[in-house]
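Shown next, in structure tokens, is the structure this report addresses.
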Amino acid sequence: MIIIVYGVTGCGKSTIGELLANKMELPFLDADDFHPKSNKTKMNAGIPLDDEDRIPWLRNVAKKLQDAAKEKGAVLACSALNEKYRNILKVTSNIEWVLLDGKKSLVEKRLGDRVGHFMNPALLASQMEALEVPDYGLKVTIDSSPEKIVQDIIKNFKKMESKSDFGVIGMGVMGKSLALNLADNGVNISIYNRYVEGKEEGVAAKVLEENPAYLTIQPFENISEFVASLSSPKSILLMIPAGKAVDLQIQELIPLLNEGDIIIDGGNSFYKDTIQRSELLKEKGILFVGTGVSGGEEGARRGPSIMPGGDKEGFSKIEGFLEKIAAKDFQGNPCVTYVGPGGSGHFVKMVHNSIEYGEMQAIAEVYSMMRNYLQLDPIKIASIFEKWMDSDLSSYLLEITIDILRKYENGEPLIDKILDQAAQKGTGGWSLNTALEYGVPYGVLGEAVMARNLSARKGLRMISSGLYDLERFPGIEDVDNFLDKLQAAYQATRIINHEVGFSLMLEVSEKNNWALNFSEIARIWTNGCIIRSKLMEELVEIFKESNHILLNYEAIIALKSYQGDLSYVVGQALQNGFAVPVLSNAINYLLGVTTANSPANLIQAQRDYFGAHTYRRNDKDADQAFHTNWKE
Ligand code: NAP
């Protein structure tokens with residue numbers, strides 16, 4: 001092992017280098033000892049050395065290092081201020097670079113205390129200017145005792161020698177939080193963030209700077225070094241944006257991995273992309289686990305809900321890590337389960353987010369009716385929601401809404417200052433597309449996506465609001481009575497939102513032979529995730545009986561009792577000029593799904609009329625097709 005301790009004059013290279021050499025039982029070389037007399041004379045006179053003086057001297061030092069490398073190695077103390085000089089000293093790939101770094105005032109003081117050295121203290125300024133700090137090696141501050149500094153250096157070497165059990169790529173909101181969560185749970189991890197010159201530099205190292213207590217985390221911005229720091233089989237979690245970034249990252253990893261290593265994509269990837277990536281990686285013998293993670297930043301840090309799918313062998317190798325960091329359900333079991341094969345992990349996360357869209361929009365519509373129809377202020381609405389939290393309406397989303405409504409800025413509700421433009425980023429729209437592909441009625445959750453799309457058209461809304469100037473009538477009825485009905489309407493909408501989301505999962509699971517276990521999926525969604533709620537806890541039991549919430553006896557009783565109130569609230573909203581797309585779709589769905597004889601017979605007759613599409617009859621064999629000449 002060759003260790004090069006370097007830095008400006010007066011930083012303590014010789015003292016630290018010699019002490020380190022003693023501790024590590026390596027020979028010590030001081031580059032200053034190899035300066036020719038002419039160099040020493042110049043430096044003594046305060047004249048900086050130039051390349052003509054330095055390069056032959058460094059070549060001579062490099063020769064000594066080469067000799068040492070053939071034996072047991074050495075510790076070298078040398079200024080090595082810039083990359084050009086360091087390159088001369090790189091005689092082997094096995095060099096540990098240790099930069100001694102100190103404030104100018106401290107180094108000046110040390111130089112002032114030094115007697116009998118040939119280096120003139122006046123050279124410090126030029127050396128500090130010449131110092132190029134590289135992005136590799138160790139950087140050690142020199143404001144403690146030489147013994148402590150040497151101890152720190154050795155501790156760091158030990159850390160570098162030991163392999164990590166798990167790697168996380170992407171030190172954004174989620175990756176950083178999951179990494180710290182893993183470390184908190186005793187997992188030795190390496191973290192990596194890409195390097196983009198001038199934009200993304202030292203991101204992984206910064207995580208450690210911000211969290212200095214996490215001594216065992218190893219930060220990297222070189223992908224090969226990151227992968228090399230992991231023990232085998234290597235388990236690598238990607239927490240980066242879905243799409244091209246994931247493909248590029250996987251391509252970069254493939255040549256660095258071996259058969260049996262595991263890549264876990266924890267981002268919100270589209271499940272069909274996950275299926276393709278699984279197939280690609282299977283050919284290379286790399287195990288791919290497409291994993292949904294929910295809970296936002298706080299969940300990732302303290303305990304998310306985790307939905308792994310794909311390669312089961314890969315899952316079994318990382319199950320222990322995931323169980324350590326996951327939230328715990330009401331019985332203390334980790335909110336993580338193997339969801340199923342292929343892209344099912346990401347598919348389930350996609351539907352989770354779709355239900356999240358529906359739940360958020362339902363709360364927004366209820367809020368809008370309270371604010372605009374009943375003319376209640378945010379504080380009052382928060383207190384009503386707080387009462388609802390004591391009922392079976394309790395949910396994480398309602399809980400955070402209370403905090404949001406209570407946030408005031410300069411005496412005014414902050415909510416009123418927030419621009420009313422929401423976007424949909426992927427999972428909501430993908431769910432809707434999938435519902436269309438599989439022919440699943442998805443109106444209620446689809447409306448939540450459409451409501452965001454409409455909100456995004458602020459310009460058009462502003463112009464048409466002025467042009468139409470439609471009247472919006474505030475409520476003139478008994479507020480408490482309406483609030484009771486609104487509560488029931490919201491309860492019904494929530495049940496329907498969940499029914500619709502789970503119906504999509506049922507259809508896709510059956511068609512793909514995924515055998516999704518809905519009770520287990522509901523269980524891992526009872527904590528850690530954004531749609532955790534009392535209702536979700538009830539669904540754990542409901543799905544043990546049936547795959548359809550609507551067929552559950554208690555749900556039937558509840559929906560029958562809420563149906564009138566939901567119809568009433570939607571009717572009042574529409575008659576008085578307030579849009580409630582999710583609530584109105586919920587009542588339409590409920591009425592539609594409970595209608596034995598729908599007007600689709602007329603649709604079939606029309607299709608047969610203009611396109612001879614044929615129809616089937618309810619009084620004949622259902623497989624038989626009929627066509628009528630309608631004009632005769
Ligand atoms: P983020 O804060 O924007 O962080 C993204 C990370 O990915 C950053 O470290 C970024 O590095 C890195 N990155 C970006 N482009 C890259 C590329 N082309 N190659 C390699 N790395 C790249 O995002 P996030 O919120 O942590 O989300 C990460 C993933 O988790 C996404 O798929 C997201 O949908 C999903 N997710 C997010 C949440 C949430 O609440 N935020 C919840 C569940 C799931 P730079 O710093 O270099 O740009």
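Treat the numbers as computed from the prediction; the structure is a model and nothing was measured. For ligands, and for the atoms within them, numbers begin at 1 and follow the listed sequence.
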Starting from atom 2 (O) of ligand 1, locate the nearest protein heavy atom and write down its residue, its atom name and how far away it is, to 0.1 Å.
Val173 N, 2.9 Å

Students should be able to answer this: which protein heavy-atom is nearest to atom 29 (C) of ligand 1, and at what distance?
Ile240 O, 3.5 Å

Checking side-chain contact (heavy atoms from CB on, under 4.5 Å) for the pair Ile524/Met307: CA distance, chi angles, key distance, verdict?
CA-CA 8 Å; Ile524 64 168; Met307 296 146 245; 3.7 Å; yes

Would Asn268 count as a polar contact of ligand 1, with the cut-off being nitrogen or oxygen pairs under 3.5 Å?
yes

Checking the N or O distance criterion of under 3.5 Å, is ligand 1 in contact with Met174?
yes

Look only at interatomic distance and state if Met171 has a nitrogen or oxygen under 3.5 Å from any nitrogen or oxygen of ligand 1.
yes

Please state which part of Gln249 comes within less than 4.0 Å of ligand 1, counting heavy atoms only: side chain, backbone, both or neither.
side chain

Met239 and ligand 1 - part of the residue with a heavy-atom distance under 4.0 Å:
both

for atom 43 (C) of ligand 1, nearest protein heavy atom and its distance come out as Val293 O, 3.1 Å

Going by the 4.0 angstrom heavy-atom rule, the piece of Lys176 near ligand 1 is neither

Measure from the ring center of Tyr490 to the ring center of Trp388 and say whether it is less than 6.0 Å.
yes

Could you pull out all residues at least two apart from Asp152 that satisfy salt bridge (Lys or Arg N to Asp or Glu O under 4.0 Å)?
Lys148

Using the six-membered ring wherever Trp is involved, compare the ring planes of Tyr6 and Trp97 and label them parallel, tilted or perpendicular (cut-offs 30° and 60°).
perpendicular

Any N or O on Gly267 sitting closer than 3.5 Å to an N or O of ligand 1?
no

Salt bridge (Lys or Arg N to Asp or Glu O under 4.0 Å) filter on Lys407, not counting sequence neighbours, yields none

Backbone N/O of Gly267 and side chain of His346: donor-acceptor pair under 3.5 Å
yes

Provide, to 0.1 Å, the distance between atom 14 (C) of ligand 1 and the closest protein heavy atom, together with that atom's residue and name.
Pro241 CD, 3.4 Å

With no hydrogens and no angle check, is any side-chain donor or acceptor of Ser344 less than 3.5 Å from a backbone partner on Phe347?
no

Any protein heavy-atom neighbour for atom 47 (O) of ligand 1 (distance below 4.0 angstrom)?
yes

Is there a donor-acceptor contact under 3.5 Å linking the side chains of Gln491 and Asp392?
yes

Lys/Arg N to Asp/Glu carboxylate O, Lys282 vs Glu279, below 4.0 Å:
no

Considering distance alone, does some N or O of Asn193 sit under 3.5 Å from an N or O of ligand 1?
yes

Are the aromatic rings of Phe502 and Trp525 close, with centres under 6.0 Å apart?
yes

Please report whether ligand 1 has a polar contact with Arg194, defined as an N or O pair separated by less than 3.5 Å (distance criterion only).
yes

Please report which non-hydrogen protein atom sits nearest to atom 4 (O) of ligand 1, along with the residue it belongs to and the distance in Å to one decimal place.
Gly172 CA, 3.3 Å

